[in-house]
Amino acid sequence: MAFSVNTNGGAFLALQNLNKTSSSLETTQGRINTGLKVGSSKDNAAIFSIAQKLRGNVAGLNAVKGSLDRALSTLDVAISAGEAVSDLLIEMKEKAVAAKDPGLDADSRTSLNDDFAQLRDQITSIVNNAEFNGTNAVKSGGDSISAITDETGTSDNQITVAAQDLSLTGLGLASDTSISAAADASSAVDLIESAIDTVNTALSTLGAGSKRLELQKDFTTKLSDAIEVGIGNLVDADLAKESANLQALQVKQQLGLQALSIANQAPSTVLGLFQ
């Protein structure tokens with residue numbers, strides 16, 4: 001190689017290597033700072049695109065979990081109302097059976113009927129107030145409970161639990177049903193037994209729907225977690241490896257600076273030719 005003070009090829013080469021090392025060091029530091037080996041499309045366009053699509057799926061599944069939680073809460077309220085109605089019917093049956101006794105005096109019968117009327121009216125109160133987030137699944141003309149089950153929220157992939165009419169009318173009882181006479185009490189017992197069967201059937205339907213929603217929620221959570229892990233496998237940095245790279249690159253950078261310094265001194269050797 002010719003001696004020249006105008007062109008220093010060694011310095012150019014040393015500078016190129018130093019720039020390459022500095023770029024690698026910047027990349028490694030970025031991975032350590034973010035914990036990601038693919039943090040943008042500049043790092044790896046294909047992997048970043050796949051990861052973004054999967055993140056969209058996770059976002060959709062988060063909405064699914066919210067929908068399932070809402071549906072479960074609505075069902076919990078409906079089931080609680082149904083169980084309360086069932087308890088009231090059992091108490092009403094006890095009053096009605098007692099009122100069938102032909103030996104009761106008028107005052108006792110009146111007292112039983114008053115208690116019976118309070119229990120009857122309480123059913124209406126419970127049913128009308130069994131609402132969550134604007135949905136009442138147990139009143140007359142109540143709303144069915146639905147929840148989405150996939151990340152796109154399509155109507156074909158929903159779980160729907162039908163509304164159950166637990167109002168007095170739905171139970172086959174009248175708002176003026178009474179046990180003021182033995183004959184009335186006898187009729188009331190039959191009606192109440194039928195109403196108890198109706199409530200039990202409704203609770204079975206609501207309970208089965210709640211169980212299905214719980215299973216779907218568990219699956220959705222596991223699916224979301226699995227996708228999160230998959231995203232991590234694609235884009236997360238191996239910090240142990242990056243730590244080792246960082247130390248190696250820092251040493252290479254220092255050596256590169258030293259090599260550039262030596263190369264920059266090469267033109268000064270030309271002076272020795274003129275001594």
Side-chain angles (χ1 to χ4, degrees), residues 19-80 130-138 142-164 205-250:
N19 287 337
K20 183 177 180 181
T21 299
S22 296
S23 177
S24 297
L25 183 59
E26 182 179 348
T27 298
T28 298
Q29 288 174 329
R31 290 176 177 176
I32 293 172
N33 288 335
T34 63
L36 299 172
K37 65 181 178 184
V38 181
S40 73
S41 59
K42 294 187 297 183
D43 298 323
N44 188 318
I47 295 298
F48 183 78
S49 176
I50 293 170
Q52 286 294 90
K53 183 176 181 179
L54 292 173
R55 289 186 180 109
N57 291 342
V58 171
L61 290 174
N62 287 336
V64 169
K65 286 188 281 189
S67 178
L68 291 169
D69 284 336
R70 174 192 53 76
L72 282 167
S73 296
T74 306
L75 269 173
D76 286 343
V77 172
I79 290 172
S80 295
E131 180 178 305
F132 180 84
N133 195 35
T135 300
N136 188 324
V138 294
D143 307 303
S144 296
I145 300 171
S146 298
I148 57 176
T149 60
D150 73 348
E151 71 274 5
T152 62
T154 55
S155 58
D156 293 336
N157 294 314
Q158 292 184 355
I159 294 175
T160 300
V161 181
Q164 304 296 313
T205 299
L206 296 173
S210 180
K211 182 63 176 179
R212 185 182 176 191
L213 288 170
E214 286 282 2
L215 292 172
Q216 185 66 39
K217 180 183 176 181
D218 290 343
F219 169 74
T220 300
T221 299
K222 291 177 182 178
L223 178 59
S224 178
D225 291 345
I227 294 175
E228 289 275 14
V229 171
I231 294 172
N233 291 336
L234 290 173
V235 303
D236 286 354
D238 183 344
L239 293 182
K241 179 180 178 181
E242 299 303 332
S243 176
N245 286 340
L246 178 65
Q247 296 182 42
L249 289 169
Q250 287 174 336

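Please read all numbers here as calculations on a predicted model, not as lab measurements.
Formation of a donor-acceptor pair under 3.5 Å by the S80 side chain with backbone atoms of D76 is found in this model. Within the 3.5 Å criterion, the main-chain N or O of K20 finds a donor-acceptor partner in the side chain of S24. Side-chain N or O atoms of S210 include none that pairs as donor or acceptor with a backbone N or O of L206 at under 3.5 Å.
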Evaluate side-chain contact (heavy atoms from CB on, under 4.5 Å) for D69 paired with K217, printing each intermediate quantity in order. CA-CA 8 Å; D69 284 336; K217 180 183 176 181; 2.8 Å; yes

Go through the steps for L72 and E214 under the test side-chain contact (heavy atoms from CB on, under 4.5 Å), then give the verdict. CA-CA 8 Å; L72 282 167; E214 286 282 2; 3.9 Å; yes

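Contact of the S67 side chain with the R70 side chain is registered, since non-hydrogen atoms from C-beta on lie closer than 4.5 Å. Proximity of I145 to T160: side-chain heavy atoms (C-beta onward) are nowhere separated by under 4.5 Å. L234 places a side-chain heavy atom less than 4.5 Å from the side chain of L54. Side-chain contact between V229 and D225 is absent, with no heavy atoms from C-beta onward closer than 4.5 Å. Between L215 and F219 there is no side-chain heavy-atom pair separated by less than 4.5 Å.
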In a table with atom names and distances, give each donor-acceptor pair under 3.5 Å that connects a side chain of residues 235-245 to protein atoms at least two apart or in another chain.
unit_1	atom_1	unit_2	atom_2	d
D238	OD1	A240	N	3.2
D238	OD1	K241	N	3.4
E242	OE2	R31	NH1	3.2

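Evaluation of the side chain to side chain donor-acceptor pair (under 3.5 Å) test over residues 34-48, restricted to residues two or more places apart or in two chains, returns none.
Summarising the geometry of A162 relative to S144, their closest heavy-atom pair is CA-OG, 3.7 Å, with the distance given to 0.1 Å. Residue V58 comes nearest to S224 through the heavy atom pair CG1-OG, 3.9 Å, listed as atom of the first residue, atom of the second, then distance. A130 and V138 get closest at one heavy-atom pair: CB-CG2, 3.6 Å. Here the shortest heavy-atom pairing between L213 and A147 reads CD2-CB, 4.0 Å.
Residues meeting the side-chain contact (heavy atoms from CB on, under 4.5 Å) test with L246, sequence neighbours left out: L25, T28, Q29, I32, Q250.
Remark: D218 CG to L223 CG distance equals 12.5 Å, nearest 0.5 Å. Taking CD1 of I159 as the reference point, atom CD1 of I148 lies at 11.0 Å (rounded to 0.5 Å). Taking NZ from K53 and CZ from F48, the interatomic distance works out to 15.0 Å, rounded to the nearest 0.5 Å.
D150 pairs in a side chain to side chain donor-acceptor pair (under 3.5 Å) with only one of the listed residues (N157, T220, N57), which is N157.
Within a 6.0 Å sphere centred on CD of E26, other residues, nucleotides and ligands contribute 12 heavy atoms or fewer.
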